[in-house]
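The basis for the numbers below is simple: all heavy atoms, side chains too, and nothing from hydrogens, waters or symmetry mates.
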Amino acid sequence: MPRNYDPALHPFEIQREYTRALNAVKLERVFAKPFVGALDGHGDIVSCLGKHPNQIAWLFSGDADGTVKQWNIAMKKCVRTLKAHSGYVRGISFTPDGETMISVGDDKNIHFWDTCLPTSLEVGVKESAKFSIPTKYNLASVSSHAKTKMFATCGDSCLLWEGERRLPVQEFEWGVDSLNCVRFNQSQVDVLAACASDRSIMLYDIRGKSPIRKVVLSLKSNALCWNPQEPFVFAVANEDYNSYAFDMRRLKHPLNIYKDHVDAVIDLDFSPTGKELVTGSWDKTVRLFEVDKGHSREVYHTKRMQRLTSVMWTLDNKYILTGSDEMNIRIWKAKAWEKLGVLKTREREALSYNEALKDKFASFPQVKRIMRHRHVPKHVYQAKKELRIIKDSKSRKEGNRRAHSKPGTVPTVPEREKNIVAEME
């Protein structure tokens, strides 16, 4: 039907749209049920997760008992169990073609597994790795090259391996005791980054023989991930309750600081679109951030979920997977209020209209309050209040020192530079 959009003919249009926006954000909170289901079957702490590069529905998980399980996420079912290591499974990665899974553990072995399900296996017979490399090195993490059969491991130092060769082809060292996480850049394929025990983050170029850059933070970083859409950007999960996004070309200060957790951040992952970030923390919560904002847009938690050990965003950008130390893998919706399943045309248009209204009136106080409000566990609420008191006290003390000192002797340090100790090349 034809419609005349002349504002003079619709004098109360803004008022009507504001009421609709208010109703839309209220309904968003009503329908916010992010928890989808759990994958139960591990007998010990879920230590790491690995997503298959080609199959969206396949998930691989390792635990502290040395077991690796293959899951069909769509069916919420374990389709395969491998006794991979004796001790912790520290890392899982995949070759570029997705046909081989590489696992490393505390037993100092590197195992290569076929990702395809075996057609027939006798009852009671354990499936064995198709190839293994026993090493003398401690192995804490593994990451595969995006285009070749090379992969990197870290532990006592950063080691570069090629295919099934039994000795590393290259070793990188820069005076640190140990490394706890290594990740290849999937776009700038010859670059990899690692987190070290001396609170540093190091960048390597495998075409050279030594590390290229290094930045030292005030506390240790636990995990690292690269932005899939912006090859120069990576983020780290830190012990100081924050996560940091860096541009590898300029490490003097982070691009952004992601706050809100009240305990050490253990793991993080970018969404496939590169626009959002998910973090898992020792405070038993999962938080979702937009990459250009410092505070979380969503927080996920349950009464039974304990400390997070690993988080992951699925390749279809719709779900988040989390592993925790009470032996469960949980599936969450990336948008808590999103309706799953097929939508009719009219319903899809109505939801799109509501989203546009929420964006239009996002700055209005009542709409903003409802959009931001989240319930959190009591221990998180109390810790947040305590951290706010500590921060205000430090700010007040610094202001008093500046007011009673000679001008220029107490410089104002920007928030984004307070936790950067040094940068080296």
Side-chain angles (χ1 to χ4, degrees), residues 50 53-54 90-104 110 112 131 133 135-217 221 223-236 244-255 269-270 274 420 422-425:
N54 302 327
R90 291 296 180 180
I92 293 173
S93 188
F94 298 87
T95 53
D97 56 11
E99 294 180 0
T100 303
M101 179 192 74
I102 306 169
S103 67
V104 298
I110 303 171
F112 296 78
F131 188 76
I133 302 175
T135 73
K136 61 181 181 180
Y137 308 99
N138 291 317
L139 303 172
S141 179
V142 61
S143 181
S144 295
H145 195 276
K147 293 183 179 179
T148 67
K149 290 188 176 182
M150 287 193 294
F151 63 94
T153 62
C154 69
D156 300 327
S157 60
C158 185
L159 302 169
L160 187 66
W161 307 75
E162 187 171 5
E164 296 177 352
R165 292 180 62 172
R166 292 187 173 272
L167 293 174
V169 295
Q170 207 162 332
E171 181 175 359
F172 299 101
E173 290 185 347
W174 197 344
V176 295
D177 293 334
S178 63
L179 303 167
N180 58 296
C181 180
V182 64
R183 290 290 180 269
F184 259 108
N185 191 325
Q186 298 300 300
S187 300
Q188 298 288 329
V189 293
D190 293 318
V191 176
L192 67 153
C195 301
S197 59
D198 67 344
R199 303 167 296 150
S200 65
I201 303 154
M202 288 183 282
L203 296 172
Y204 308 90
D205 191 325
I206 63 175
R207 295 166 294 189
K209 293 185 179 180
S210 61
I212 50 176
R213 305 191 78 182
K214 179 180 184 180
V215 59
V216 182
L217 303 183
S221 297
L224 181 145
C225 67
W226 292 93
N227 191 321
Q229 301 298 330
E230 297 182 52
F232 297 110
V233 177
F234 65 90
V236 293
Y244 299 88
F246 285 94
D247 187 323
M248 71 175 185
R249 299 166 295 183
R250 293 180 292 275
L251 296 175
K252 288 186 178 179
H253 58 82
L255 295 175
D269 191 25
F270 275 104
I420 306 297
E423 184 199 8
M424 304 175 213
E425 292 187 8

Asker: Locate the shortest heavy-atom distance separating Pro53 from Gly98; write the atom from each residue and the value.
Answerer: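 So the minimum-distance heavy-atom pair works out to CG-CA, 3.8 Å.
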Asker: Out of curiosity, Glu173 CD to Leu159 CG, how far, rounded to the nearest 0.5 Å?
Answerer: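 Glu173 CD to Leu159 CG: 8.5 Å, rounded to 0.5 Å.
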Asker: Would you sort out whether Val182 and Thr153 count as a side chain to side chain contact (heavy atoms under 4.5 Å, CB included), showing the intermediate values?
Answerer: CA-CA 7 Å; Val182 64; Thr153 62; 5.7 Å; no
Asker: Answer yes or no: is there a side-chain heavy-atom contact under 4.5 Å between Trp161 and Thr135?
Answerer: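 Result yes, sub-4.5 Å side-chain heavy-atom pair found.
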Asker: Would you check, one step at a time, whether the test side chain to side chain contact (heavy atoms under 4.5 Å, CB included) holds for Cys158 with Tyr204?
Answerer: CA-CA 9 Å; Cys158 185; Tyr204 308 90; 3.9 Å; yes
Asker: Minimum heavy-atom separation for Arg165 to Ile133, with atom names?
Answerer: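 The answer is O-CD1, 3.3 Å.
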Asker: On a heavy-atom basis, which atom in Trp174 and which in Ile212 lie closest, and how many Å separate them?
Answerer: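 So the minimum-distance heavy-atom pair works out to CZ3-C, 4.4 Å.
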Asker: With salt bridge (charged side-chain N to carboxylate O under 4.0 Å, His left out) as the criterion, how do Glu164 and Lys149 come out once you've worked through the C-alpha distance, each side chain's angles and the decisive distance to 0.1 Å?
Answerer: CA-CA 9 Å; Glu164 296 177 352; Lys149 290 188 176 182; over 6 Å; no
Asker: How far apart are the C-alpha atoms of Ile102 and Ile110, what are their side-chain angles, what is the distance that settles it, and do they pass the side chain to side chain contact (heavy atoms under 4.5 Å, CB included) test?
Answerer: CA-CA 7 Å; Ile102 306 169; Ile110 303 171; 3.7 Å; yes
Asker: Would you compute the distance between atom SG of Cys154 and atom CZ of Arg90 and round it to the nearest 0.5 angstrom?
Answerer: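 The CZ atom of Arg90 is 10.5 Å from SG of Cys154, to the nearest 0.5 Å.
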Asker: Where the side chain of Asn227 meets the backbone of Gly274, is there a donor-acceptor pair that is under 3.5 Å apart?
Answerer: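 Here the side-chain-to-backbone pair exists.
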Asker: Looking at CG of Leu224 and CG of Leu203, how far apart are the two atoms once the value is rounded to the nearest 0.5 Å?
Answerer: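 Result: 8.5 Å between the selected atoms.
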Asker: Do Glu171 and Leu160 touch side chain to side chain, with heavy atoms closer than 4.5 Å?
Answerer: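 A side-chain contact is absent here, since even the closest heavy-atom pair is not under 4.5 Å.
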Asker: Looking at Arg213 and Arg249, would you say the former's side chain and the latter's main chain have a donor-acceptor pair under 3.5 Å?
Answerer: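 At least one qualifying donor-acceptor pair exists.
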Asker: Say whether, by atom type as modelled, one donor and one acceptor occur between the side chain of Ser200 and the main chain of Val215 under 3.5 angstrom.
Answerer: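 No, the answer is negative, given that no donor and acceptor are paired below the 3.5 Å cut-off.
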Asker: Is the closest side-chain heavy-atom distance between Ile420 and Pro254 below 4.5 Å?
Answerer: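 Counting from C-beta outward, Ile420 and Pro254 do come under 4.5 Å.
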Asker: To the closest 0.5 Å, what do you measure between CZ (Phe94) and OG1 (Thr100)?
Answerer: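 These two atoms lie 10.0 Å from each other.
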Asker: If you look at every heavy atom in Val216 and Asp198, which pair is closest and at what distance?
Answerer: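 Nearest heavy atoms, Val216 then Asp198: CG1-O, 4.0 Å.
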Asker: Mind checking whether Phe112 and Phe151 have parallel, tilted or perpendicular rings, split at 30° and 60°?
Answerer: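 Judged by the thresholds at 30° and 60°, the geometry between Phe112 and Phe151 is perpendicular.
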Asker: What distance do Glu230 atom CD and Ser187 atom OG have between them, rounded to the nearest 0.5 Å?
Answerer: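 Going from the CD atom of Glu230 to the OG atom of Ser187 covers 10.5 Å.
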Asker: Is there side-chain contact between Asp177 and Asp156, with at least one heavy-atom pair below 4.5 Å?
Answerer: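 Heavy-atom side-chain distance check fails, nothing below 4.5 Å.
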Asker: Hey, does the side chain of Asp247 reach the backbone of Leu255 with a donor-acceptor pair shorter than 3.5 angstrom?
Answerer: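 Side chain of Asp247 to backbone of Leu255, a donor-acceptor pair under 3.5 Å: no, none is there.
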Asker: So which heavy atom on Ser144 is nearest to which on Thr95, and how close?
Answerer: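 Result for this residue pair: OG-N, 4.3 Å.
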Asker: Kindly say whether Phe184 contributes a backbone atom to a donor-acceptor pair with the side chain of Gln186 at under 3.5 angstrom?
Answerer: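 Yes; judged by distance alone, with no hydrogens or angles, the pair exists.
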Asker: Please tell me if the side chains of Ile201 and Phe234 come closer than 4.5 Å, counting only heavy atoms from C-beta onward.
Answerer: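 Yes. Closest side-chain heavy atoms under 4.5 Å.
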Asker: How far does CZ of Arg207 sit from CD of Gln170, to the nearest 0.5 angstrom?
Answerer: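 Going from CZ on Arg207 over to CD on Gln170, the span is 11.5 Å.
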Asker: Are Asp190 and Lys147 close enough for a salt bridge, meaning some N to O gap below 4.0 Å?
Answerer: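 Salt bridge flag = no for Lys147 with Asp190.
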Asker: Can you name the closest pair of heavy atoms from Val233 and Trp226 and give their distance?
Answerer: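 Residues Val233 and Trp226, closest heavy atoms: O-CE3, 3.6 Å.
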Asker: Considering only heavy atoms from C-beta outward, does the side chain of Leu192 approach that of Asn185 to under 4.5 Å?
Answerer: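 Heavy-atom side-chain distance check fails, nothing below 4.5 Å.
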Asker: Let me see the working for Leu217 and Phe246 under side chain to side chain contact (heavy atoms under 4.5 Å, CB included), right down to the final yes or no.
Answerer: CA-CA 12 Å; Leu217 303 183; Phe246 285 94; 3.8 Å; yes
Asker: Judged by modelled atom types alone, do Arg183 and Ser141 share a side-chain donor-acceptor pair under 3.5 Å?
Answerer: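 Short answer, yes.
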Asker: Tell me whether Ser178 contacts the main-chain N or O of Gly155 through its side chain, where contact means a donor paired with an acceptor under 3.5 Å.
Answerer: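 The answer is no, because no donor-acceptor pair under 3.5 Å joins these two groups.
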Asker: Measuring only between side-chain heavy atoms, which start at C-beta, is Met248 closer than 4.5 Å to Val191?
Answerer: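 Answer yes - side chains close enough.
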